[in-house]
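Values in this document were obtained by computation on a predicted structure and should not be read as measured data. Order of the sequence lines fixes the chain letters, A, B, ..., with proteins taken first and strands second; residue numbering starts at 1 for each chain.
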There are 2 protein chains.
Amino acid sequence: MSKAGQHALITLRKMIASGELAAGERVAEIPTAEALGVSRMPVRIAFRTLEQEGLLVKAGARGYTVREISPESIAGAVEVRGVLEGLAARQAAERGLSAKSVAVLRQCLDDGDQLFEKGYVTEEDLEVYHDLNLRFHQQIIEASGNPAVSMALARNEHLPFASVSALAVDSNDMRREFRRFNFAHMQHHAVFDALLSRQGARAEAIMREHANATLRYAEVFASTAGMADSIKVIQREEQK
Amino acid sequence: MSKAGQHALITLRKMIASGELAAGERVAEIPTAEALGVSRMPVRIAFRTLEQEGLLVKAGARGYTVREISPESIAGAVEVRGVLEGLAARQAAERGLSAKSVAVLRQCLDDGDQLFEKGYVTEEDLEVYHDLNLRFHQQIIEASGNPAVSMALARNEHLPFASVSALAVDSNDMRREFRRFNFAHMQHHAVFDALLSRQGARAEAIMREHANATLRYAEVFASTAGMADSIKVIQREEQK
DNA sequence: CAGCCCTAAATTGGATCCAATAAAACCTTA
DNA sequence: TAAGGTTTTATTGGATCCAATTTAGGGCTG
């Protein structure tokens, strides 16, 4: 479905997220259309979509500029994710988990236990963890039965650096990373326990705090370019 | 700027919100373009935007359908608004209010006091209240200094019936409406007090509960068509 | 009689063309 | 020389045209 349009959209998203399009830079339809090898029409649609997602801002009547990303705005988006996932967890606890949800969540927990059992992690382990982390969070959001939460989160995820779908890993200090992700995994266990026990407030509190645990993007962003060499970003592909 | 496009967008929004386009109904480009008297292009853009806003859902490869609105989904959106505005209030309390914010909020409170002082309200009073209510909420969101909250809320507001910008008033029972809106106004006072005292948790809790107070759209929606005659909806125009 | 295939129609997405608008540069005048 | 106005150019938004894809309907065959 719609090859050129999808291509333009995800390419532009990547260019913004990777910094290839610098923050504050002005983007115009015709040059980007030529650069992407498509007509102006899909670019126009993509610009509108990216504006909705908050990646571009209208620059008066003359095209768009790339949104400026500050460490504060990243922290703010992480807070938003925290309260939204907290709400999802609370509502999931109040509704009670379906058998399928229990099975999926338990599988994620088991897989994670197996990863961390050996007392250290490799980068490949973290890619696996990243995957099950996504499944875990997604399942809780589904279990909330609140589509508005799901939508609000989906929008927030588009903001670069605030997404669950991006994990920053410092490959120079894998012992520390082990402790960090093991901690995050323990929080998963705690949330699951709270959900099973229908402890809505507890589930919400854990989830809110948990938002800070999995990502250190604010640090990554604030770090100098020289230090950033050791930071590897595990990013999930857009599959829309 | 862009007359046809804006016209198409806001007209379609109104048609969906008013139920002129029934939930689940399929909408195609060509008929709507002809109905609105514009070309297919602005309609296409509008459809994409409305999809981003959650008002339309893609119906496979063949156009869009109007999103189904259930009382549960309205309640869910209200919950989302609650946690987001709660977050905004907490962050505003933690940051502290600027002199301008204090002035604006205090003005809203004074205006409201004047409205409710006489012990009853008219529909015109509620229009005035609606206006200051918007200003009050907007000011707290600004004061949070978190643009991600602002964006997430803006998106959520697009969902019909979940918005602060819509107040449902039962003109058959204005005594009850007086008590309801007076209660909401008292919550404003409490939030303001918490903000001034830098009591973040308290401000957040009040704001979360407050989301349920100002709107009874879930009831309105669930009510039969016959009873809905006495319900008047005060809606703010889109001014984008 | 039913199932499958083929064809036709409808609808969406993309490209090119045209108009409107705003910004920038240059020229003229004081 | 500076300021204001005018002209030109660049860029966005809209319309129409074209291609591709999907769905539905009808016919054919087993």
Side-chain angles (χ1 to χ4, degrees), chain A residues 1-16 20-68 158 237-240, chain B residues 1-16 20-68 158 237-240:
Chain A
M1 62 160 89
S2 76
K3 230 176 54 174
Q6 291 295 318
H7 172 250
L9 184 58
I10 69 174
T11 307
L12 284 172
R13 260 205 280 250
K14 276 188 184 167
M15 287 172 73
I16 295 173
E20 191 174 338
L21 286 174
E25 186 176 339
R26 171 150 169 251
V27 288
E29 280 183 12
I30 301 177
T32 42
E34 285 173 359
L36 296 180
V38 295
S39 124
R40 280 178 49 209
M41 200 56 52
V43 175
R44 225 144 90 184
I45 307 266
F47 278 5
R48 299 303 187 97
T49 305
L50 292 168
E51 185 201 5
Q52 287 286 323
E53 291 176 1
L55 295 180
L56 293 181
V57 291
K58 251 209 293 283
R62 227 61 183 276
Y64 294 88
T65 59
V66 180
R67 178 185 202 83
E68 307 265 359
H158 284 130
E237 295 297 312
E238 299 273 346
Q239 63 231 359
K240 187 193 240 178
Chain B
M1 65 159 86
S2 79
K3 228 176 56 172
Q6 291 295 318
H7 173 250
L9 184 59
I10 69 173
T11 306
L12 285 172
R13 259 204 280 251
K14 277 189 184 168
M15 286 172 74
I16 295 173
E20 192 174 337
L21 286 174
E25 185 175 338
R26 172 151 168 250
V27 287
E29 278 183 12
I30 301 178
T32 42
E34 285 174 358
L36 296 180
V38 295
S39 125
R40 280 178 50 212
M41 199 56 52
V43 175
R44 226 145 90 185
I45 307 264
F47 279 4
R48 301 302 188 96
T49 305
L50 292 169
E51 185 202 4
Q52 287 285 325
E53 291 176 1
L55 295 180
L56 294 181
V57 292
K58 252 209 290 289
R62 228 57 183 283
Y64 294 88
T65 59
V66 180
R67 179 183 204 84
E68 307 264 0
H158 284 130
E237 296 297 313
E238 299 272 346
Q239 63 232 4
K240 188 196 244 178

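Distance alone, capped at 3.5 Å, places no donor-acceptor pair between the B:Arg62 side chain and the B:Arg26 backbone.
For the pair A:Gly37 and B:Val27, nearest-nucleotide mapping onto DNA chain C gives the more 5' position to B:Val27. With the nearest nucleotide of DNA chain C identified for both A:Arg44 and B:Ile30, B:Ile30 has the one nearer the 5' end.
A straight line from CD of A:Glu34 to P of D:dT12 spans 12 Å, rounded to a whole angstrom. As rounded to whole Å, 11 Å separates atom P of D:dG13 from atom CD1 of A:Ile45. Separating the CD atom of A:Glu29 from the P atom of C:dT16 is a distance of 14 Å, rounded to the nearest angstrom. A:Arg26 places its CZ atom 6 Å from the P atom of D:dT11, with the value rounded to the nearest Å. Taking atom NZ of residue A:Lys58 and atom C1' of nucleotide D:dT11, one finds them 15 Å apart after rounding to whole Å. When rounded to the nearest whole Å, the span between NE2 of B:His7 and P of D:dG13 equals 18 Å.
For the side-chain contact (heavy atoms from CB on, under 4.5 Å) test with A:Val27, the passing option among A:Val43, A:Leu56, A:Thr65 is A:Leu56; the others fail.
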Quiz item: Reading DNA chain C 5' to 3', how would its secondary structure be written in dot-bracket notation, given Watson-Crick and G-U pairs with both distances under 3.5 Å, brackets [ ] for crossing pairs and | for partners on other strands?
Solution: ||||||||||||||||||||||||||||||
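The side chain to side chain donor-acceptor pair (under 3.5 Å) test applied to B:Arg40 returns B:Glu29, not counting sequence neighbours.
For A:Met41, whose side chain is taken as the heavy atoms from C-beta onward, the closest listed nucleotide among C:dA15, C:dT12, D:dT11 is C:dA15. Taking the side chain of B:Arg40 as heavy atoms from C-beta on, and the options D:dG13, D:dA15, C:dT12, the nearest nucleotide is C:dT12. Which of C:dT16, C:dG13, C:dT11 sits closest to the side chain of B:Arg62 comes down to C:dT11.
Contact check for B:Tyr64 versus B:Leu50: no side-chain heavy atoms found under the 4.5 Å cut-off. In this structure, A:Val66 and A:Leu55 have side chains that are not in contact, with every pair of non-hydrogen atoms separated by 4.5 Å or more. By the 4.5 Å heavy-atom criterion applied to side chains, B:Arg48 and A:Gln52 are not counted as neighbours.
Side-chain to base pairing of A:Arg48 with D:dG13: no donor and acceptor N or O lie closer than 3.5 Å to each other.
The shortest non-hydrogen separation linking A:Ser39 to A:Ala33 is O-CB, 3.6 Å.
Here B:Ser39 reaches the OP1 or OP2 of D:dA15: one of its side-chain N or O atoms lies under 4.0 Å away.
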